[in-house]
Amino acid sequence: MFYPLAGKLVPWFAVSSAILFAVGMYLGFVVAPTDATQGEFYRIIYIHVPASILSMFLYLVMAGYAALGLVFNTRLSSMMASAMAPTGALFAFIALWTGALWGKPMWGTWWVWDARLTSELILLFLYLGFISLHASIDDPRRADRASALLAIVGSVNVPIIYFSVKWWNTLHQGSTIKFTGTSMQITMQHAMFTMLAACWLYAVAVVLSRVRSIILERERHTKWVAELPEVAL
Amino acid sequence: MDLWMRANPLTYVWIGSYAVAFVVFAVEIALVVHKRKATLQEVRQLMDVEESE
Amino acid sequence: MLEVSNLACSRGDHRLFSGLGFALSPGQIMQVQGENGSGKTSLLRTLCGFIQPDEGRIAWEGADVSDLAEAYYSRVLYLGHLNAIKDELSALENLKISAALSGVELGESAAIAALRRMGLKGRERLPVKVLSQGQRRRAALARLLVSGAALWILDEPLAALDVNAVALIEELFGEHLARQGMVIFTTHQPLLVSGTEMISLSLSAP
Amino acid sequence: MLEVSNLACSRGDHRLFSGLGFALSPGQIMQVQGENGSGKTSLLRTLCGFIQPDEGRIAWEGADVSDLAEAYYSRVLYLGHLNAIKDELSALENLKISAALSGVELGESAAIAALRRMGLKGRERLPVKVLSQGQRRRAALARLLVSGAALWILDEPLAALDVNAVALIEELFGEHLARQGMVIFTTHQPLLVSGTEMISLSLSAP
Amino acid sequence: MNKILLLLFVVVRRDLVLAMRRRADVLTTLIFFVMVVSLFPLGVGPESDMLRKMAPGVLWVSALLASMLSLGRLFSADHLDGTLEQMLLAPQPLSVLVLGKMVAHWMVSGLPLVLMTPVLGLQFDMPLEAVGVLMLSLLLGTPVLSMIGAIGAALTLGLRGGGVLLSLLVLPLCIPVLIFGTGAVGAATSGMSYSSHLSLLGALLVLAVAFTPWVTAQALRISME
Amino acid sequence: MNKILLLLFVVVRRDLVLAMRRRADVLTTLIFFVMVVSLFPLGVGPESDMLRKMAPGVLWVSALLASMLSLGRLFSADHLDGTLEQMLLAPQPLSVLVLGKMVAHWMVSGLPLVLMTPVLGLQFDMPLEAVGVLMLSLLLGTPVLSMIGAIGAALTLGLRGGGVLLSLLVLPLCIPVLIFGTGAVGAATSGMSYSSHLSLLGALLVLAVAFTPWVTAQALRISME
Ligand code: HEM
Ligand SMILES: Nc1ncnc2c1ncn2[C@@H]1O[C@H](COP(=O)(O)OP(=O)(O)OP(=O)(O)O)[C@@H](O)[C@H]1O
Ligand SMILES: Nc1ncnc2c1ncn2[C@@H]1O[C@H](COP(=O)(O)OP(=O)(O)OP(=O)(O)O)[C@@H](O)[C@H]1O
Ligand SMILES: [Mg+2]
Ligand SMILES: [Mg+2]
């Protein structure tokens, strides 16, 4: 059964994520050097990029789970999808917020209507749409299926965000992390990857614990829930 | 604001983005914990109702 | 031939019915009985595929209806609590369109004849919204006269009908059964079809 | 005391009825009979003032109802083909709001008691849209139990109700008449109120 | 008088409860407003000078849209399920009920937009004083939109064909509101006095409160026949 | 194949007849479009240079909003009176029926806007070639809007607060269309080649025709449960 397994995993993910956050910030703020052109401001990157990447990645995973739920009628994957949506939305929000904060010193404004920024905003709206659609349907199975369809349709947006810097030449930075080699300094890269891993672990931990609540809520009429030690308390 | 930003770039970065991010994380964790409590409560209530019927 | 086995269905937290099974062969008619809220409508809608059953199998001529899909739909005529007619259109236009949707070709005169038989003479071309409640129901039921479907699934067809119309419906059921059709229906009023035995299925309130 | 004299009403090109007259005193019940489309609904809606009659006079305790206006409305309870309940709200909320609209104060427990009597126990707080057709009608009819109106005007109150509910309505009519109320209703189903004679008004199809 | 106020309160609360029941309704109206406003820069391009100039127009038009979108539901839901008949039969004046529905509609679809305006105004880089005037103008103008819209909603209720003429009559009525509203903001940005615009809006509001409930009630009685 | 085409034709004709019976709806979409577009000169001021620059954006956004306004009715009327159930039971693929409804919706709410564009474009003092490109881009783009919108309409069917939720779901998905559409006109006015934008729009249209009917059909089945 998934429920107890998830219960056991959550603390591990949570603790390792906390450790990695600490390490990542140490690397990012103390070890990594000041950037030549951007000064100290560039250090936003250690939160901005992981948040942006996770917001897109989580969306894809969410759409994948939702699709599984829709096609094979597996309830667990639908629950996973609805557990991921709020976390994804928050990462999108963080990406937007930190991006805006970064934009002020770099570009002189909080916000420009550039393709990447816009498509990231659309991503946030898609998350919100998913959440509100799910919330406004009472029947949970119907809600799962309807919002799954929306998630799948919306996943068209993710490649647009990702490639927007290539397709339109805009203000926003192009990819610096490439599969072949990189232009970034090695310590910066370490810090970035640590933060990315930390965010990822955090997301897993939160999503798992949220999905546990959702399972309980949905299955409250079944016998195994009644027999759970924490319920009997 | 602009002046202050130029003078204290590190503080700006810190307060501006990391603090916000961690506040968001904290809020999310609080919500998740609250939801777990609320759900457990609800399930228990349901049990009581079923027992009393 | 419709075969249902071990069907279970729930709405919200309530299990409406479970382990339900029956078979209906050509020429047979079945009345689903039960109190308000016992799940009659839900059963009929499950038979039409609008609701996914929790468990069980619905088979049409041996094949599962969810596999048959459109091939099954072309054999079924469903009329629910709602009349499925457009207020702005006339009874005639409504009938012609719903025939076209269910793949039946229907001439003007045949449509008018059907509406006349349903007692709508002189009102075929009025927008349906000015008709009385019973007249609307009659307009909806006119589909029975022009459809080629073998299985009629009717949810309270007698609602709002006066005694003459009830007699007419009884007559139509008789004719349909005589040509080896099948009928599943619900009603809270008495209804008698001469010359056949009525199968009756009782649902109990949950 | 409701007095109607020389009433005439037409819809579109049809004259539905004319020269219609009757009087209803406290404790009396009247059934309006007629085929589908004979004008029963139109008559009831005319009595409520939704439709202006072509001719004739409708008087409540001697005064013309169009002069009385709100004073008359406060004595009347009308329930038409439509249930006048909100799908999104629960039966309880619906009942409380409709009581408030008609100027009646209604406590939570009184409302729940009324709904229970209508057979909606355990479903008082579900949104009405998940209820079955008959349950919705019951929720709408619960207004009969909490209203202080003297004159009930009910258009096919029995639609979608099962036998138990029909018996309940008969009982409610009896009680209302006993406390000197008046009822005007239509139905295509048989309905018996013990202990009173039913006035019957027949409309013929135009 | 007291009874009438109570009724007003009941109606307003009922409609608010209904709106809350449509759980995310208020929130989504807002998000809709935000999205519509954000669409214009996308279509027009990112030059902030131009954006600043068109901001009041964009915000006003979007507010009109948001309240128009929800107008359709104002009476038609009540009409379809028979509640409207019951309202006509209520022992209190119909215009009070209508006023209640208007107030509720504004609280759900107008007020949140007014409160949201500052954020959006800053997104367009509007000066602070102009944002204030914009909010004021919206605060005065959106109730008028709800009220004028209600007449249209009542007239078009269940009307065939002929409804065209009537909606043509109602829509132009909204234009003065928009002109005064954007005019006030325009005056404020260019440093002129905007009080005359605002007092015109205020006058419109007073007129609307005085007459539209009654007109709408009549329209409803006509539509219900 | 023939049968399917026939069915498509039946559905389109039915919806057009219904729209003609309810002429008010059609006209209000158009009037709304004209009104929103004409309001901008009022809100922004008469500088023709700026007007010319914002014209494509304004027209496109207004078209998007106008087609959004009419989306709510796409399935909900059929849902309320039970016709939709009958469509799900039709012996032909549901996606064909859905395609028919999309086509009819576009003919009622998209096509009139396209035809109206030249007049409005000239009102904004747009160069003739740009007006042509604008029309072309709208001609390619509005069907996509109708089709994407249909998905949202199907998903929000019967939900409380449908209208606003609908736009929350649909608007983000429509933004690419808007960007390419205004991009084409922008390129045309600044003398660059606009064919790449138009072919992107064309590709979107092809994709939409290929996938949206199927997706919408699925959404309808889910919503009807
Ligand atoms: C609100 C504004 C912003 C948003 C929504 C945003 C969004 C994004 C997104 C979605 C990514 C994708 C990461 C990837 O390619 O995998 C990203 C990466 C990045 N952003 Fe931003 N961004 C914003 C502002 C900024 C600013 C102002 C800067 C700096 C001048 C910046 C610098 C970067 C960098 C360097 C990357 C990493 C690119 C890579 O290595 O692939 N961003 N941002
Ligand atoms: N979401 C839900 N939550 C709780 N109960 C529900 C839900 N949806 C449906 N129900 C219940 O399921 C039953 C559905 O009944 P259905 O409509 O099939 O009844 P019916 O036999 O057709 O009744 P009627 O004779 O009144 O038409 C009702 O009792 C209703 O209250
Ligand atoms: N505009 C119109 N043009 C022509 N005929 C009309 C118009 N409006 C209504 N009618 C007719 O008037 C009659 C209205 O009848 P009403 O609804 O009062 O009937 P009813 O007795 O309640 O019938 P039911 O038992 O079916 O409910 C119907 O015959 C209808 O066709
Ligand atoms: Mg039923
Ligand atoms: Mg009637």
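Reminder, nothing fancy here: chain letters follow the sequence lines and each chain counts from 1. Just so we're clear, the structure is a prediction, and the values are computed from it rather than from any experiment.
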**Request:** Could you look at D:L161 and say if it's the side chain, the backbone, both or neither that has a heavy atom under 4.5 Å from chain C?
**Result:** both

**Prompt:** Which heavy atom in D:H188 sits nearest to a heavy atom in C:Q189, and how many Å separate them?
**Reply:** O-NE2, 4.3 Å

**Item:** Portion of D:R137 that has a non-hydrogen atom of chain C nearer than 4.5 angstrom
**Value:** neither

**Request:** Ignoring hydrogens and angles, tell me if any N or O in the side chain of C:D162 forms a donor-acceptor pair with the backbone of D:G34 under 3.5 Å.
**Result:** no

**Asked** Under a 4.5 Å heavy-atom cut-off, does chain C meet the side chain of D:A165, its backbone, both or neither?
**Response** side chain

**Request:** Drop me the distance from C:S132's OG to D:H81's NE2, to the nearest 0.5 angstrom.
**Result:** 6.5 Å

**Fill in**
The reported gap from CD in D:Q133 to OG1 in C:T41 (rounded to nearest 0.5 angstrom) is 7.0 Å

**Complete:** Turns out that what part of C:Q135 lies under 4.5 Å from chain D's heavy atoms comes down to both

